[in-house]
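Counting starts at 1 for both ligands and their atoms, following the listed order.
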Amino acid sequence: MTPVGDEAGRIGHNGSDSKSPLAAVKNLRKVYSVQRGFFGRKSRYLRAVDGISLSVFPGETFGLVGESGCGKSTLARLILRLEEPTGGQVLFRGQDLETLSSRELRGLRKHMQMVFQDPYSSLNPAKRVGWLIAEPLVIHGVGNGSEIHDRVGSLMEEVGLNPKDRNRFPHQFSGGQRQRIGIARALALNPDLIVADEPVSALDVSVQAQVLRLLENLQKKHNLTYLIIAHDLGVVHYISDRIGVMYLGTLMDIASKEQFLNPPFHPYTEALLKAAPRIERTGTESKYAPLQGDVPSPLSPPPGCRFHTRCPYADMVCRKEPPLLEDKGNGHFMACHFR
Ligand code: ADP
Ligand code: MG
């Protein structure tokens with residue numbers, strides 16, 4: 001067994017270990033200082049992301065799942081450098097984002113784009129859709145007026161919108177169509193990496209499936225790499241090649257889509273699977289009940305294994321020693337003393 005480090009997730013991606021990651025994070029941390037007390041004088045430290053290492057390889061879909069508040073969105077913002085990390089590294093095509101000038105970072109930004117959960121709040125309601133999709137092109141000075149006009153039309157077609165609707169406002173579209181607008185915006189600059197944070201959580205189940213299929217088709221067509229984040233295991237499992245399971249700022253499990261459904265499971269993954277009846281699977285028989293209680297506060301995470309307070313398998317060692325994320329074979333990484 002090798003402790004996780006730079007190599008996290010190298011093996012096991014489409015059976016190949018020769019590709020270098022498109023994006024990678026190493027021991028990444030983000031600590032927020034939170035005021036407390038009547039006058040807000042005392043600070044407490046909230047460890048939103050607490051030592052995460054993972055790699056996302058070209059052309060793959062890496063899905064990140066975990067209960068609300070476990071640090072998924074913070075990790076996404078750190079990867080896109082929308083926030084500065086407290087510690088650790090973010091690498092894009094092997095380049096440490098920390099070492100880049102703001103100009104270089106701006107150049108790199110073209111290649112990594114974000115799709116947000118709620119297209120309604122991420123789209124300026126006062127702007128017409130054509131303008132919203134053109135905005136990234138204008139900001140990065142790509143093309144003249146008529147080129148941008150044409151590009152917007154073809155982007156709208158690609159995501160299943162009618163280019164004739166370019167003069168309408170976001171509120172005149174349905175939720176699914178608005179997410180298509182968000183995806184068209186993200187595609188405008190021909191990125192390599194798209195980070196989608198809860199891209200279908202705000203949509204009805206039938207519309208979710210359509211948007212997920214659109215993302216799949218666009219990936220094939222443009223050879224996109226996805227980091228898709230969701231609290232819904234069904235969504236993540238459907239779309240991902242590999243899946244990372246987060247709990248209280250740390251990664252508990254990294255598995256391929258197939259490994260994910262076959263034992264041995266990480267106890268937390270096992271609990272999540274039990275709560276996701278939509279996923280067809282085998283071998284999940286277990287005498288234990290689904291997840292109990294709430295996620296502990298990231299202001300005072302449990303010592304040892306963060307999951308031990310809710311884990312039916314927990315023992316003394318789990319209360320004292322944090323388990324390392326280790327390769328348990330074939331690139332299935334787990335942080336558990338007993339698996
Ligand atoms: P998730 O996306 O998994 O629901 P988040 O990354 O949004 O989780 O949040 C992780 C933790 O960090 C939560 O406890 C959240 O309250 C806290 N958090 C997120 N952003 C901030 C911030 N700007 N200031 C203080 N705490 C924050
Ligand atoms: Mg979130």
Side-chain angles (χ1 to χ4, degrees), residues 23 25 27-37 40-54 56 61-88 90 112-122 175 179 182-183 186 193-203 208 211-212 215 226-237 239-240 243-254 266 268-269 271-272 275-276 291 293-303 306-307 309-310 325 335:
V25 305
N27 199 20
L28 194 65
R29 293 189 303 115
K30 179 70 187 180
V31 180
Y32 293 111
S33 164
V34 183
Q35 302 294 314
R36 121 181 132 154
R41 281 198 197 126
K42 283 189 185 162
S43 287
R44 295 179 78 194
Y45 297 101
L46 188 151
R47 289 182 284 185
V49 169
D50 202 12
I52 287 199
S53 300
L54 66 85
V56 184
T61 298
F62 190 98
L64 200 59
V65 69
E67 286 166 282
S68 176
C70 70
K72 304 181 296 297
S73 297
T74 305
L75 181 62
R77 291 195 300 271
L78 294 172
I79 289 176
L80 296 176
R81 204 64 176 192
L82 302 173
E83 276 189 70
E84 299 261 318
T86 309
V90 180
M112 32 159 115
Q113 294 291 316
M114 181 126 179
V115 170
F116 296 91
Q117 168 176 357
D118 181 0
Y120 205 53
S121 56
S122 63
Q179 194 53 294
I183 293 169
L193 175 71
I194 290 189
V195 177
D197 190 4
E198 305 273 5
V200 298
S201 307
L203 307 176
Q208 286 189 354
V211 172
L212 292 174
L215 287 170
Y226 286 149
L227 175 62
I228 296 201
I229 296 172
H231 67 276
D232 183 332
L233 195 60
V235 166
V236 166
H237 186 261
I239 192 122
S240 306
I243 298 163
V245 181
M246 265 182 89
Y247 190 74
L248 275 178
T250 61
L251 264 175
M252 291 287 173
D253 197 355
I254 300 179
H266 188 284
Y268 181 50
T269 305
L272 291 178
L291 269 182
D294 294 325
V295 186
S297 166
L299 284 167
S300 49
R306 302 222 157 153
F307 185 56
T309 56
R310 300 166 85 197
L325 189 63

In Leu28, Val49, Ile79, the residue satisfying side-chain contact (heavy atoms from CB on, under 4.5 Å) with Thr74 is Val49
First locate atom CE of Met112, then atom CG of Leu193, and finally report the distance between them rounded to the nearest 0.5 Å.
-> 6.5 Å
Mutual orientation of the aromatic rings belonging to Phe307 and His266 [parallel < 30°, tilted 30-60°, perpendicular > 60°] = tilted
Any donor-acceptor N/O pair, Gln117 side chain to Ala202 backbone, under 3.5 Å = no
By chain and number, the residues contacting ligand 1 below 4.0 angstrom (heavy atoms only) are Tyr32, Leu46, Ala48, Glu67, Ser68, Gly69, Cys70, Gly71, Lys72, Ser73, Thr74, Arg77, Pro298
Under 2.8 Å from the Mg ion (ligand 2), is there an N/O/S atom belonging to Ser73?
-> yes
Any donor-acceptor N/O pair, Lys30 side chain to Leu46 backbone, under 3.5 Å = no
Which heavy atom of Tyr268 sits nearest a heavy atom of Glu67, and at what distance?
-> OH-OE1, 2.7 Å
